[in-house]
Amino acid sequence: MGRSPCCEKAHTNKGAWTREEDQRLVAYIKAHGEGCWRSLPKAAGLMRCGKSCRLRWINYLRPDLKRGNFTEEEDDLIINLHQILGNKWSQIAGRLPGRTDNEIKNYWNTHIKRKLLARGIDPQTHRPLSAAVAPSCNRQDKMAARSSCSPETSCAGHSSDDDSGGTSVPRLANIDLNLSISQPSQHPSTRSLPER
DNA sequence: AACTCCTCCAACCGCAATTCG
DNA sequence: CCGAATTGCGGTTGGAGGAGT
């Protein structure tokens, strides 16, 4: 039975994080480092499941997050990476320092997807939309279809050059893509928390 | 000025993959 | 080597805020 994922106890908070919760989480991780998400909430005095703590830290509280608008360079890089990797958001995020998979995923769904559709490019295949495209009833697609005018239609020229094959998402396991944005200072995995 | 609709983002959920005993 | 536990990932959703009427 019991595959109680994490929130076995009903005494866990859900929804938006409070300032105090954030402070507790940050303080705890600064002191003890990341990891052991399962036991972290209790140790840190948080009424959250480990999963929620991890997500909050990764996507919002980490000190090395860039936040703010995506640059044109990032924009273009995401499109290129997505063309190769597909919806592997974490892998894409790994090549954009300071960005998280969740952030990129959101950005893709709200901004880039629409942009590509407006250009007549299928966001999934990166190929020109054909007339035979099924009218999906997705919320996002409807949005995309509605506003067919992208705010900034300036993009680097990445025409549909490659992908001459038929299959969509390739088999790359560990291609060393030269696609990445140089990091300002440190490597995420080597990141040292500002100890206090 | 009030109301409605739309957009975007933070967070949740379930499943997959990985690690541990 | 196997099963259980934990972590990580990607899809999806709910609600706050903004724009338009």
Side-chain angles (χ1 to χ4, degrees), chain A residues 1-26 28-29 32-44 46-71 74-75 78-79 81-96 98-118 122-125 136-153 168-174 188-189 191:
Chain A
M1 346 248 6
R3 185 91 158 83
S4 46
C6 59
C7 312
E8 185 170 332
K9 308 290 187 292
H11 304 296
T12 45
N13 292 342
K14 291 173 73 173
W17 279 64
T18 65
R19 186 167 199 78
E20 187 187 336
E21 284 178 315
D22 281 347
Q23 288 170 350
R24 278 180 186 267
L25 182 55
V26 169
Y28 183 86
I29 292 180
H32 301 91
E34 293 182 42
C36 297
W37 297 109
R38 175 80 166 127
S39 58
L40 182 148
K42 193 160 72 174
L46 287 164
M47 302 291 274
R48 295 272 179 175
C49 67
K51 222 174 178 177
S52 181
C53 293
R54 176 184 163 275
L55 199 72
R56 183 64 179 171
W57 172 254
I58 298 283
N59 288 323
Y60 199 82
L61 298 174
R62 258 169 41 191
D64 57 339
L65 289 180
K66 187 180 289 183
R67 310 192 69 74
N69 295 333
F70 282 76
T71 65
E74 288 175 308
D75 212 85
I78 292 170
I79 293 173
L81 287 170
H82 185 273
Q83 187 168 9
I84 300 168
L85 297 167
N87 293 3
K88 302 295 182 199
W89 306 116
S90 66
Q91 290 185 39
I92 293 173
R95 292 186 155 78
L96 282 104
R99 301 298 188 185
T100 70
D101 52 358
N102 203 40
E103 188 179 15
I104 292 172
K105 179 172 58 182
N106 280 333
Y107 186 63
W108 175 269
N109 285 325
T110 59
H111 188 95
I112 298 183
K113 206 170 170 182
R114 184 185 313 168
K115 188 156 139 184
L116 292 179
L117 283 170
D122 185 338
Q124 286 308 311
T125 64
S136 59
C137 301
N138 285 347
R139 181 180 163 194
Q140 310 276 3
D141 290 343
K142 281 192 288 187
M143 294 194 323
R146 187 177 298 116
S147 55
S148 314
C149 53
S150 60
E152 66 252 54
T153 324
S168 54
V169 177
R171 62 282 116 158
L172 33 95
N174 52 356
S189 54
R191 149 186 90 256

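Note that the coordinates shown come from a computational prediction; the quantities given were computed from them, not determined experimentally. The figures that follow rest on heavy atoms only: side chains count, while hydrogens, waters and symmetry mates do not. Naming convention: chains lettered A, B, ... in sequence-line order (proteins, then strands); numbering from 1 in each chain.
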Worksheet item: Nearest 0.5 Å, what's the CD1-CG distance between Ile78(A) and Leu85(A)?
Response: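 If I round to the nearest 0.5 Å, the distance is 12.0 Å.
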
Worksheet item: What distance do Glu74(A) atom CD and Ile92(A) atom CD1 have between them, rounded to the nearest 0.5 Å?
Response: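 Reported to 0.5 Å precision, the distance equals 13.0 Å.
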
Discussion item. So Lys14(A), base contact, sugar-phosphate only, or nothing? Heavy-atom distance under 4.0 Å.
Written reply: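 Sugar-phosphate, no base atom in range.
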
Worksheet item: With sugar-phosphate meaning primed atoms plus P, OP1 and OP2, does Asn59(A) contact a base, only sugar-phosphate, or nothing at under 4.0 Å between heavy atoms?
Response: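 Result for Asn59(A) = nothing.
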
Worksheet item: Checking Arg24(A) against Trp17(A): charged group under 6.0 Å from the ring centre and within 45 degrees of the axis?
Response: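 Verdict for Trp17(A): no cation-pi partner in Arg24(A).
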
Nearest whole Å is fine: how far is [N] [atom2] from [X] [atom1]?
X	N	atom1	atom2	value
Asn102(A)	dT13(C)	CG	P	15 Å
Leu55(A)	dG10(C)	CG	P	13 Å
Asn106(A)	dC9(C)	CG	P	16 Å
Leu85(A)	dC9(C)	CG	P	13 Å
Glu103(A)	dC9(C)	CD	P	16 Å
Leu40(A)	dT7(C)	CG	P	9 Å
Lys105(A)	dC13(B)	NZ	P	14 Å
Lys51(A)	dA5(C)	NZ	P	16 Å

Practice prompt. State whether Glu103(A) and Lys66(A) are salt-bridged, where the test is any N-O pair (Lys NZ or Arg NE/NH1/NH2 against Asp/Glu carboxylate O) under 4.0 Å.
Written response: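 Between Lys66(A) and Glu103(A) there is no salt bridge, as every charged N stays at least 4.0 Å from the carboxylate O atoms.
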
Discussion item. Between Asp75(A) and Lys115(A), does any side-chain N to carboxylate O distance fall below 4.0 Å?
Written reply: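 Salt bridge flag = yes for Lys115(A) with Asp75(A).
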
Of the nucleotides [options], which one has an atom closest to the side chain of [X]?
X	options	answer
Asn87(A)	dA11(B), dG11(C), dC9(C)	dG11(C)
Arg114(A)	dC9(B), dC8(B), dG11(C)	dC8(B)
Trp37(A)	dC9(C), dA11(B), dG8(C)	dG8(C)
Arg54(A)	dG8(C), dC12(B), dA10(B)	dG8(C)
Arg67(A)	dA10(B), dT6(C), dG10(C)	dA10(B)
Ser52(A)	dC9(B), dC12(B), dT6(C)	dC12(B)

Taking only the side-chain nitrogens and oxygens of [X], find out if one of them lies under 4.0 Å from OP1 or OP2 of [N].
X	N	result
Arg56(A)	dA11(B)	yes
Trp89(A)	dG11(C)	yes
Ser90(A)	dG8(C)	no

Worksheet item: Can a donor-acceptor pair under 3.5 Å be found between the side-chain atoms of Lys88(A) and the base atoms of dG10(C)?
Response: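 Such a pair does not exist between side chain and base.
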
